[in-house]
Every structure is written in C-alpha cells, then in structure tokens.
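Okay, so here's the structure we're looking at.
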Amino acid sequence: MSFLDEFQATGLELLPIFFRKKYALLRDIDKSLQEIQRQNEQRCEQEIEYLMWEIRARNITPNTSLIRFSDDARGEQKHGIRIADEQVPLAVQAHDLVDTQIQQLDQYLKNFDEELRCGRDGVATTVSPASSLDGSTKSGRSGEGGRGGRKNIFDVGFVSKRC
C-alpha cells in the first residue's frame with residue numbers, strides 16, 4: 001500500500017470533527033465552571049461584607065473559629081471542584097489524542113520520505129554505473145590506482161528497507 005493510500009485510509013478527515021467536538025465539550029465545561037466560580041465569588045464577597053458589618057456593629061466577635069462561609073457557598077465550591085475533576089481527564093484524553101496524531105503524522109512523513117527516496121534511488125540505479133570515457137565500467141574512485149584484490153560487492157552503503 002502506498003503512502004497516499006495508507007494516509008487516506010486512516011480516516012483522517014474525521015479527526016478534525018472529533019477534535020472540534022472534544023474541545024467544544026471542554027469549552028462548555030469551562031464556561032460552566034467559570035459561571036459557578038463567579039457566582040461563588042459574589043456569594044463569598046456578600047458573606048464577608050455581612051460578617052464585617054456584624055463585627056463593626058459588635059453583634060459578633062471576630063473569633064475566627066466561628067466565622068465560616070455558608071453551606072451554599074461551600075456547596076458551590078464543591079460543585080466547582082467536581083466540574084474541574086470532570087474536565088481534567090477530558091483534557092488529558094484530548095492531549096493524548098493530539099499527541100498520538102502527531103506521532104502518526106510523523107510516521108507517515110517518515111514513510112513518505114522513504115518512498116520518495118526509494119523512487120529516486122530506483123531511478124538512479126536504472127542509470128548505468130559510473131563509466132569511464134572509454135566505455136568500460138570501473139568500480140571504485142576514478143583516477144586512483146588501487147591495491148588490487150577482491151572488492152566487497154555487498155558494501156553498497158545505506159539501502160532503504162522498503163526499496
């Protein structure tokens with residue numbers, strides 16, 4: 001299977017849709033969390049203002065062990081934590097998916113590069129080996145005398161595994 005066939009067979013067209021849906025879900029959860037945080041901050045500010053007014057009016061003493069946020073404020077905080085806890089695994093999953101996709105694209109690029117190299121090497125090997133001016137084929141460096149002896153016919157340098 002060629003690089004292009006393999007690349008198209010992976011269903012790559014579906015990934016942008018999947019990514020958009022995953023990130024839209026993360027955005028919606030984040031908006032929900034931000035709204036809960038905003039409401040909670042307002043509630044806490046109101047409660048702090050009320051406590052400060054009570055302390056100034058000397059209706060309560062500033063004993064820190066008795067001053068607490070209301071159950072509603074603490075409930076909102078716990079709800080925000082639950083939402084954030086939902087968001088973390090979704091973000092990790094989206095990150096892993098993107099990372100996997102990048103690794104897959106890197107592998108496709110490597111395979112495509114090997115196919116191109118094999119195509120060039122295939123074209124280069126179909127051309128006759130280096131010929132001398134008199135038409136005879138010589139191996140080794142031209143213009144240099146050798147020590148003679150047997151040549152290693154298996155030493156052809158790097159050859160791609162796919163060629």
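The residues of the chain are indexed from 1 along the displayed sequence. From a predicted model like this one, the values you see are computed outputs, not experimental measurements.
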>> Determine whether Cys44 and Gln77 satisfy the following criterion, side-chain contact (heavy atoms from CB on, under 4.5 Å), listing intermediate values before the conclusion.
In response: CA-CA 10 Å; Cys44 291; Gln77 290 171 354; 3.9 Å; yes
>> Does Arg38 form a salt bridge (charged side-chain N to carboxylate O under 4.0 Å, His left out) with Glu35? I'd like the steps, not just the answer.
In response: CA-CA 5 Å; Arg38 187 188 60 74; Glu35 180 61 26; 2.3 Å; yes
> Taking it one step at a time, do Lys110 and Asp106 satisfy salt bridge (charged side-chain N to carboxylate O under 4.0 Å, His left out)?
Replying inline: CA-CA 6 Å; Lys110 181 181 173 187; Asp106 285 344; over 6 Å; no
>> For Arg74 and Arg68: C-alpha separation, side-chain torsions, deciding distance, then whether side-chain contact (heavy atoms from CB on, under 4.5 Å) applies.
In response: CA-CA 9 Å; Arg74 286 184 286 173; Arg68 300 182 159 185; 4.3 Å; yes
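Taking each heavy atom of Phe19 and Gln101 in turn, the nearest pair found is CZ-CB, 4.2 Å. The minimum heavy-atom distance linking Leu33 with Ala84 is given by the pair CD2-CB, 4.1 Å. The two residues Leu26 and Ala94 make their nearest non-hydrogen contact at CD1-CB, 4.2 Å. Of all heavy-atom pairs spanning Ala73 and Asn40, the tightest one is O-ND2, 2.7 Å.
Transitive grouping of hydrophobic side chains (ILVMFWY, heavy atoms separated by less than 4.5 Å) brings Leu90 and Tyr23 into a common cluster.
Atom-to-atom distance recorded for Gln87:CD and Ser32:OG is 9.5 Å, nearest 0.5 angstrom.
No hydrogens or angles considered: a donor-acceptor pair under 3.5 Å links the side chains of Gln104 and Tyr108. For Gln107 and Asn111, the side-chain atoms include at least one donor-acceptor pair closer than 3.5 Å.
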